[in-house]
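Shown next, in structure tokens, is the structure this report addresses.
Positions are given from 1, in the same order as the sequence printed here.
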Amino acid sequence: MALEYDGCGNWKHSAVCYILVRSPEGNEYVPVKAAKPFPNDYGLDLMLLTKDVYSKDGKRGLSKAGSLIEGMTGLKLCDEGEFEKCINTRGLEAVQSLIGKMQEKYGWSPRYLRPDEKKSDVFPKVGTDDEDHCILVAPLFVDGMYNRSRKRMRARFVKTVSCDGASYDLYISGSQNPDNAYPVSEDDKYYLYTWLNGWLIPLGMTQEYLRKHATMKAVVKQMYGDESKREEVFDSLRADRPYAETEKLVTEQIKKEKELASELAKDGSLYAKYIKVRLDGRISNYIAYKNGDGGYPDFIGAAVINDLDNCDRLAEQRRQEKKLEREAYIKQKEDRECQEAAAEAEQAEKRISEVEAAIRKGGEKVSGGELLCALADKYNVTIPLKTRGWILHYFVSYEFMDDSSISVRYIARNKQSKGSTKIHEIIRNIRDAVNNTAVTV
């Protein structure tokens, strides 16, 4: 197909962005809806991806949001934040030359081969189920807190699932930033909500999670009856068999489960039943707390039965009770610490008094570095900081052998350790201060 000019010396192209996917089976151009033009001063045709792009089966990532796609070739040039660095480092001529070589190697993108193509031709809208159909609604929680002000968010309708006596309209966030940082598929990027009683209630799971767990629960029930019976079947497959045979049997059994799961996944009522069981559990939590049977004021359960005002009152009451409990605990802890500190101080004072009495009688013996430092502090006997550290770590005891000699015991740091050179002087100063105080009194 021939290329067309726009009359100004430029090649004509459509508004559709295509990315080139290269694989051993062959190259393929994939149209991308979540892309917008990227204006630049270098005359390059660039498109910015606003969402991650996955393969048709949703299992393989093709390109990340924030990538700049070159329009002629469909190849990624760089990330949005690296664009100026890319041009400045390589040079505009080198970038243009690279684009030309890639165009010669891979050919022109359908963006240029079909210049009259419109987005609506490639991405037709399907009524209210279109991914761009978003509404402004109030979520039950904002930043994990009850949304009392009814702040609204953009939500995108997904589908409606129903079972006997229950019907749920399912929504996901309309934001371009996924909720799940590590999705395994396109359906695993956003968490589901359901619209009930004027609130968007979080379900705490993605579409991928819902499909996997709802169908697996139905598979277990249909094939085995319950989970314990399933374990018995797999135990019997593994019993008294060579590893290779066991592996083959287990693989075949799992394949049967997956085939049945794929068939059951078409039944939307399974999803509704799974959601109903989860929401019923939240209702039970709330009612139990409301009736004084434990639990907690579950806002989700209250929203389902339209009793949020009462739940909010109960939650505030619970917060005040917890606050009082916390304050009482802190006061009790402080009182206990004060009592313990007073008892320790009394005990320390008693020990000091006993030592003072022994010093005044003569022939005293003092054990422990803390007690020695306490005596020195009481009588204003100066201890150098380095010596104080030695006393607290290594001093054991001292004893006056006579008026002139003192026996000091300490823990030797090594065989060459000679202890403190100040300790004898400090001990004499303490004895003199105690005796002088006794005479004065």
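- Residue Glu370 qualifies as open at atom CD: its count of foreign heavy atoms under 6.0 Å is 12 or below.
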Does the salt bridge (Lys or Arg N to Asp or Glu O under 4.0 Å) test come out yes or no for Arg230 and Glu227, once each step is laid out? CA-CA 5 Å; Arg230 180 176 183 265; Glu227 190 64 39; 3.5 Å; yes
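- Residues Lys12 and Asp116 form a side-chain contact, since some pair of their non-hydrogen atoms from C-beta on lies under 4.5 Å apart.
- Within the 4.5 Å cutoff, the side chain of Thr89 has no heavy atoms near those of the Glu82 side chain.
- Within a 6.0 Å sphere centred on CD of Glu263, heavy atoms belonging to other residues, nucleotides or ligands number 12 at most.
- When only modelled atom types and interatomic distance are considered, Tyr286 and Asp307 share a side-chain donor-acceptor pair under 3.5 Å.
- Ring-plane geometry between Tyr394 and Trp390 is classed as tilted, the angle between the planes lying from 30 to 60 degrees on a 0 to 90 degree scale.
- Looking at Asn40 and Ile87, their side chains never come closer than 4.5 Å, going by heavy atoms from C-beta outward.
- Side-chain atoms of Met47 and Pro37, non-hydrogen and from C-beta on, do get closer than 4.5 Å to each other.
- The distance from the OG1 atom of Thr251 to the CD atom of Gln253 is 10.5 Å, given to the nearest 0.5 Å.
- Counting heavy atoms of neighbouring residues, nucleotides and ligands inside a 6.0 Å radius, atom CZ of Arg351 does not exceed 12 of them.
- Within a 6.0 Å sphere centred on CZ of Arg241, other residues, nucleotides and ligands contribute more than 12 heavy atoms.
- When all heavy atoms are compared, the tightest approach of Glu70 to Leu46 is CA-CD2, 4.0 Å.
- Under the 4.0 Å criterion applied to side-chain N and carboxylate O atoms, Arg313 and Glu316 are not assigned as salt-bridge partners.
- Applying the ring pair (Phe, Tyr, Trp, His ring centres under 6.0 Å) rule to pairs touching residues 288-311 yields Tyr146-Phe299, sequence neighbours excluded.
- Arg111 places a side-chain heavy atom less than 4.5 Å from the side chain of Asp45.
- Counting non-hydrogen atoms of neighbouring residues, nucleotides and ligands closer than 6.0 angstrom, the CZ atom of Arg152 reaches no more than 12 such neighbours.
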Apply side-chain contact (heavy atoms from CB on, under 4.5 Å) to Leu77 and Phe83, showing your working. CA-CA 8 Å; Leu77 179 63; Phe83 177 63; 4.2 Å; yes
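- Interatomic distance, CE of Met216 versus CE of Met223, reported as 8.5 Å (0.5 Å rounding).
- When all heavy atoms are compared, the tightest approach of Asn197 to Ala303 is ND2-O, 2.9 Å.
- Geometric assessment of Arg114 against the ring of Trp108 yields a negative cation-pi assignment under the 6.0 Å and 45° thresholds.
- The 12-atom threshold is not exceeded at CZ of Arg326, counting heavy atoms of other residues, nucleotides or ligands nearer than 6.0 Å.
- Between the CG atom in Asp188 and the CG atom in Asp179 there is a gap of 10.5 Å [rounded to 0.5 Å].
- For the pair Leu308/Asp312, no side-chain contact is recorded, criterion being any heavy-atom separation below 4.5 Å from C-beta on.
- Thr160 places none of its side-chain heavy atoms less than 4.5 Å from the side chain of Leu170.
- Across Pro297 and Ala315, no two heavy atoms sit closer than the pair CG-CA, 3.8 Å.
- A distance of 6.0 Å or more separates the ring centres of Phe395 and Tyr410.
- Interatomic distance, CG of Leu192 versus CG of Leu200, reported as 10.0 Å (0.5 Å rounding).
- Donor-acceptor pairing under 3.5 Å is lacking for the side chains of Arg156 and Tyr190.
- Shown here for Lys119 and Lys33, the closest heavy-atom pair between the two residues is NZ-O, 3.7 Å.
- Nearest heavy-atom pair, Asp79 versus Lys76, reported as atom, atom and distance to 0.1 Å: OD1-NZ, 2.9 Å.
- Residues Glu327 and Leu324 have side chains in contact (heavy-atom distance under 4.5 Å, counting atoms from C-beta outward).
- Residue Asp309 qualifies as open at atom CG: its count of foreign heavy atoms under 6.0 Å is 12 or below.
- Around CD of Glu93, the count of heavy atoms belonging to other residues, nucleotides or ligands within 6.0 Å does not exceed 12.
- Using a 30° and 60° split on the angle between ring planes, Phe234 and Tyr224 fall in the tilted class, from 30° to 60°.
- The pair Asp187-Lys212 does not count as a salt bridge, with every side-chain nitrogen at least 4.0 angstrom from each carboxylate oxygen.
- With respect to Glu186 and Lys51, no salt bridge is recorded, no charged nitrogen being found less than 4.0 Å from a carboxylate O.
- Between Tyr171 and Phe157, the two ring planes are perpendicular [angle over 60°; tilted spans 30° to 60°].
- Using cut-offs of 30° and 60° for the angle between ring planes, the Tyr29 and Tyr18 rings count as perpendicular.
- Contact detail for Arg90 and Leu98: the closest heavy-atom pair is NH1-CD2, 3.4 Å.
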